[in-house]
Structures are given as C-alpha cells and as structure tokens.
Novice: 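Dumping the structure here so I can ask a few things about it.
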Amino acid sequence: MAFTSHMSVALEEARAAAARGEVPVGAVVLSPEGAVLARAGNRTRELDDPSAHAEMLAIRAACAALGAERLTGCDLYVTLEPCAMCAGVIAHARLARVYFGAADPKSGGTLHGARVFSHPQSHHRPEIYDGIDAAACEALLKDFFADRR
C-alpha cells in the first residue's frame, strides 16, 4: 500500500486558524481506511480555552463521529509537533500513528521536551513520523509570528 500524505488538509486548517488570528496549527484524523473523520485548527483564543489545540479538537470530533472514546487504528496529521498535553490525549485515544510537519524543540511533547510516549507511564505509544511537509508547516508558523513582531 502506497503512502498518501494528508498534511495538505492539516495545512488548510492551519491557514484558516491563522486567518482567525490563532497560532496556525491544523490537524486531521483519518479512519483506518483513510477517510477523514475530523479536521480542526487551533481555537484557543476564539474559545478562551487553553486546551483548544487543533489536535484536541480534531480528536474530540473524531471520537464523537465514531461514538467511541478510542481511535484505534486511526491516524493523526498535525502541522506542528504535539505538545505534552496533546500527546497525553493521543495516547489515551490510542491513535495508531502521528504524522507531524514542523518540529517544536521548545514546546514539543513527542520527540522533544517531555517525550510523553517514551515514559513507562504512557498508556500507548503510537508510531511517530516527523518532517511531513515540514518546510510548508515551518514557513506558515514563521510568517505568522514575523507579522506579529
């Protein structure tokens, strides 16, 4: 089976988040068959909710769509390395694979920083694939923050 990236969908959500004045991060959850279950962009400012990260919103919507608390066999694409909070939810949701674009050495929680999945307390360890469309994901973030400085 050939690999098909769905980062373009996550990038669409990230661009929409930027247009709303949110940090441009987007996420998409795919079913085991590759169908889009949910997609979301950051909404922390809009919702006055520090947990309204793109990953969290997409995971919540995917669980609601399936009527289940677990996303076994599902994949998550996200434009930025998930933070520790999102990594914890990813583990609890039992996502099979996480694909991310831009690394986040400052606040990442998967391959940097807390490295949530490497701890023995982690309930689940998804496969992690980094650097997917990294240049586009990084440029979106850099441009967003450059415009605000």
Side-chain angles (χ1 to χ4, degrees), residues 5-31 34-71 74-119 121-149:
S5 175
H6 290 80
M7 191 60 77
S8 61
V9 178
L11 279 162
E12 288 175 16
E13 290 296 329
R15 288 184 193 102
R20 293 190 302 271
E22 301 278 356
V23 174
V25 178
V28 60
V29 176
L30 302 172
S31 73
V36 173
L37 292 173
R39 52 191 288 172
N42 275 357
R43 292 186 180 273
T44 59
R45 292 186 174 123
E46 176 186 342
L47 299 176
D48 296 322
D49 179 357
S51 74
H53 289 196
E55 304 96 303
M56 299 284 277
L57 297 173
I59 289 168
R60 288 175 187 154
C63 287
L66 293 178
E69 67 179 293
R70 302 245 166 96
L71 298 172
C74 294
D75 294 343
L76 172 71
Y77 282 80
V78 60
T79 57
L80 181 64
E81 177 181 357
C83 69
M85 173 184 69
C86 292
V89 171
I90 289 165
H92 282 279
R94 307 297 197 270
L95 283 154
R97 286 162 292 279
V98 175
Y99 300 88
F100 71 82
D104 190 354
K106 180 180 173 190
S107 301
T110 60
L111 298 182
H112 297 90
R115 294 185 173 113
V116 170
F117 306 127
S118 67
H119 292 270
Q121 295 85 359
S122 182
H123 295 285
H124 173 73
R125 290 172 182 81
E127 295 174 31
I128 305 290
Y129 300 93
D130 64 325
I132 309 297
D133 289 342
C137 296
E138 291 166 3
L140 187 58
L141 287 159
K142 285 178 183 174
D143 291 349
F144 177 82
F145 287 112
D147 288 346
R148 278 151 181 73
R149 291 189 176 118

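Quick note: numbers below take in every heavy atom, side chains included, and nothing from hydrogens, waters or symmetry partners.
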Novice: Looking only at heavy atoms, which two atoms of Gly101 and Cys137 are closest? And how far apart?
Specialist: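 Closest approach of Gly101 to Cys137, heavy atoms only: CA-SG, 3.8 Å.
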Novice: Could you check whether any side-chain heavy atom of Val23 comes within less than 4.5 Å of a side-chain heavy atom of Leu141, counting everything from C-beta outward?
Specialist: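 Answer yes - side chains close enough.
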Novice: Evaluate the side chain to side chain contact (heavy atoms under 4.5 Å, CB included) criterion for residues Val36 and Leu30: first the C-alpha distance (whole Å), next the side-chain angles of each, then the deciding distance (0.1 Å), finally the verdict.
Specialist: CA-CA 5 Å; Val36 173; Leu30 302 172; 3.7 Å; yes
Novice: For Ala18 versus Pro24, what's the shortest heavy-atom pair and its separation?
Specialist: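 That closest heavy-atom pairing would be CB-CB, 3.8 Å.
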Novice: Atom CG in Asn42, atom CG in Asp49: separation rounded to 0.5 Å?
Specialist: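 Nearest 0.5 Å value for the CG-CG distance: 11.0 Å.
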Novice: Ignoring hydrogens, what is the shortest heavy-atom contact between Ile132 and Ser5? Give both atom names and the distance.
Specialist: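 Minimum heavy-atom contact is CG2-OG, 3.4 Å.
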Novice: With a 4.5 Å heavy-atom cut-off, do Ile90 and Val98 have their side chains touching?
Specialist: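 SC-SC contact between Ile90 and Val98 confirmed.
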Novice: Taking C-beta and beyond as the side chain, do Ile128 and Phe117 meet within less than 4.5 Å on heavy atoms?
Specialist: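 In contact.
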Novice: Applying side chain to side chain contact (heavy atoms under 4.5 Å, CB included), run through Glu13 and Val28 and close with a yes or a no.
Specialist: CA-CA 8 Å; Glu13 290 296 329; Val28 60; over 6 Å; no
Novice: Start with the C-alpha distance between Met85 and Met56, add both sets of side-chain angles, then the distance that settles side chain to side chain contact (heavy atoms under 4.5 Å, CB included), and finish with yes or no.
Specialist: CA-CA 9 Å; Met85 173 184 69; Met56 299 284 277; 4.2 Å; yes
Novice: Closest heavy-atom contact between Ala87 and Gly109?
Specialist: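 Shortest heavy-atom separation between Ala87 and Gly109 comes out as CB-O, 4.0 Å.
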Novice: The test is side chain to side chain contact (heavy atoms under 4.5 Å, CB included); show your working for Val89 and Glu55 and say whether it passes.
Specialist: CA-CA 9 Å; Val89 171; Glu55 304 96 303; over 6 Å; no
Novice: Using atom types as modelled and distance alone, determine if a side-chain donor or acceptor of Arg45 lies under 3.5 Å from a backbone N or O of Gly21.
Specialist: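 Pair found, side chain donor or acceptor close to backbone of Gly21.
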Novice: So which heavy atom on Glu69 is nearest to which on Cys63, and how close?
Specialist: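 So the two residues come closest at O-SG, 3.8 Å.
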Novice: Between the main-chain N or O of His119 and the side-chain N or O of Arg125, is there a donor-acceptor pair closer than 3.5 Å?
Specialist: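 Yes, because the side chain of Arg125 sits within donor-acceptor range (under 3.5 Å) of the backbone of His119.
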Novice: For Arg15, check side chain to side chain contact (heavy atoms under 4.5 Å, CB included) against everything at least two apart and list the hits.
Specialist: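 Partners of Arg15 under the side chain to side chain contact (heavy atoms under 4.5 Å, CB included) test: Leu11, Leu140.
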Novice: Could you state the interatomic distance from CD (Glu22) to CZ (Arg43), rounded to the nearest 0.5 Å?
Specialist: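 Nearest 0.5 Å value for the CD-CZ distance: 7.5 Å.
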Novice: OH of Tyr77 to CE of Met7: how many Å apart, nearest 0.5 Å?
Specialist: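 Going from OH on Tyr77 over to CE on Met7, the span is 7.5 Å.
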Novice: Could you tell me whether the side chain of His124 and the main chain of Ala93 form a donor-acceptor pair under 3.5 Å?
Specialist: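 No; judged by distance alone, with no hydrogens or angles, the pair does not exist.
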Novice: For the SG atom of Cys74 and the CZ atom of Arg94, what is their distance to the nearest 0.5 Å?
Specialist: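 It comes to 13.5 Å.
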Novice: Within this structure, what is the CG-CG distance for the pair Leu47 and Leu57, rounded to the nearest 0.5 Å?
Specialist: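 Rounded to the nearest 0.5 Å, the CG-CG separation comes out at 6.5 Å.
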Novice: Give me the atom names and distance for the closest heavy-atom approach of Ala17 to Val25.
Specialist: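 The pair with the smallest heavy-atom distance is CB-O, 4.1 Å.
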Novice: Only pairs at least two apart or in different chains count here, so list each side-chain hydrogen bond (donor to acceptor under 3.5 Å, both in side chains) that has a residue in residues 129-140.
Specialist: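 Those involving residues 129-140 are Glu127-Tyr129.
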Novice: Could you measure the distance from the CG atom of Leu37 to the CG atom of Leu76? Nearest 0.5 Å is fine.
Specialist: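 Leu37 CG to Leu76 CG: 11.0 Å, rounded to 0.5 Å.
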